[in-house]
**Q** 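Take this structure first; my questions come after.
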Amino acid sequence: MKKASDIQGILIGSAVLLAVIIILVIVVVVLVRKKKAQTTVLPQQTNWGKTLTDEESDTIKRIADALYEDMKGLNVFNRNEAIYVEYNNSNDRIFVGVANYFAQVYGNGESLAQWMKDEVYSWTSLATSGLTDGIIARLATFGIN
């Protein structure tokens, strides 16, 4: 018959082994997700090589910040549809600039398109769901998937 201390030692050993396995799984998941954020450069006809104006830079930051605020966390309330409309209607320089800024600042290894694909818009706003489909398709034309 096993002593209580033997059984307790086996339980502690099992718990330590389980904890080590869980930590290893978490480390692997974090390392896999730590890939470089996807950014792109616009074609020549958009004069992308030209330095952004202060107004363009401010607009890029404002839209990216608003998109992040709308997508972070668990959204159970309505979406800020206006920011998606503004983003989708922006020119190519602003459009790609927002995607690049978002990926670099908020993306955590994922592109803006990946963030939008991971969101569940149908629960919070059917109109926003259609907008994001259009945004994702437009991002794909610039190689941002």
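The basis for the numbers below is simple: all heavy atoms, side chains too, and nothing from hydrogens, waters or symmetry mates. In this text, all values refer to a predicted model and were calculated from it rather than measured experimentally.
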**Q** Walk me through it: do Asp70 and Tyr84 pass the test side chain to side chain contact (heavy atoms under 4.5 Å, CB included)?
**A** CA-CA 10 Å; Asp70 193 70; Tyr84 293 91; 2.6 Å; yes
**Q** With sequence neighbours left out, write down each residue that passes side-chain contact (heavy atoms from CB on, under 4.5 Å) with Val105, or none if nothing qualifies.
**A**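 If we apply the side-chain contact (heavy atoms from CB on, under 4.5 Å) test to Val105, skipping adjacent residues, the hits are Tyr101.
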**Q** Can you name the nearest heavy-atom pair linking Ala140 to Asn145, along with the distance?
**A** CB-OD1, 3.5 Å
**Q** At what distance, to the nearest 0.5 angstrom, does CG of Leu131 lie from CG of Asn88?
**A**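 One finds 6.0 Å between CG of Leu131 and CG of Asn88.
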**Q** In Å, rounded to the nearest 0.5 Å, how long is the span from CD1 of Ile60 to CG of Asp65?
**A** 11.5 Å
**Q** Are Trp115 and Tyr68, when compared by the centres of their aromatic rings, separated by less than 6.0 Å?
**A** yes
**Q** Could you grab the distance from atom OG1 of Thr132 to atom CG of Leu139, nearest 0.5 Å is fine?
**A** 10.5 Å
**Q** Where the side chain of Glu56 meets the backbone of Thr53, is there a donor-acceptor pair that is under 3.5 Å apart?
**A** yes
**Q** Only counting residues at least two apart or in another chain, list the ones meeting ring-ring contact (aromatic ring centres under 6.0 Å, His included) with Phe95.
**A**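 Partners of Phe95 under the ring-ring contact (aromatic ring centres under 6.0 Å, His included) test: Tyr87.
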**Q** For a quick test of reading the model, state the closest non-hydrogen atom pair linking Met116 to Met71 and the distance between them.
**A** CG-SD, 3.9 Å
**Q** Does Gln114 use its side chain to pair, donor to acceptor, with the backbone of Ser111 at less than 3.5 Å?
**A** yes
**Q** Roughly how far, to the nearest 0.5 Å, is the CD1 atom of Ile144 from the CD1 atom of Ile136?
**A** 12.0 Å
**Q** Would you give the length of the straight line joining atom NZ of Lys61 to atom CG of Leu52, rounded to the nearest 0.5 angstrom?
**A**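 Rounded to the nearest 0.5 Å, the NZ-CG separation comes to 14.5 Å.
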**Q** Name all pairs fulfilling the salt bridge (charged side-chain N to carboxylate O under 4.0 Å, His left out) condition that reach into residues 134-145, sequence neighbours left out, sorted by first residue then second.
**A**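 Every pair satisfying salt bridge (charged side-chain N to carboxylate O under 4.0 Å, His left out) with a residue in residues 134-145: Asp92-Arg138.
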**Q** Looking at residues at least two apart in the chain, or sitting in another chain, which of them share a side-chain contact (heavy atoms from CB on, under 4.5 Å) with Ile83?
**A**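 Ile83 satisfies side-chain contact (heavy atoms from CB on, under 4.5 Å) with Arg62, Ile63, Ala66, Leu67, Asn80, Glu86 once adjacent residues are dropped.
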**Q** For Ile22, what residues pass the side-chain contact (heavy atoms from CB on, under 4.5 Å) criterion, not counting sequence neighbours?
**A**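 Result, side-chain contact (heavy atoms from CB on, under 4.5 Å) vs Ile22: Leu18, Ile26.
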**Q** For Asn91, what residues pass the side-chain hydrogen bond (donor to acceptor under 3.5 Å, both in side chains) criterion, not counting sequence neighbours?
**A**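 Partners of Asn91 under the side-chain hydrogen bond (donor to acceptor under 3.5 Å, both in side chains) test: none.
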**Q** Would you say that more than 12 heavy atoms from the other residues, nucleotides or ligands in this model lie under 6.0 Å from the CG of Asn89, or not?
**A** yes
**Q** Please identify each residue that fulfils salt bridge (charged side-chain N to carboxylate O under 4.0 Å, His left out) with Asp133, with sequence neighbours left out.
**A** none
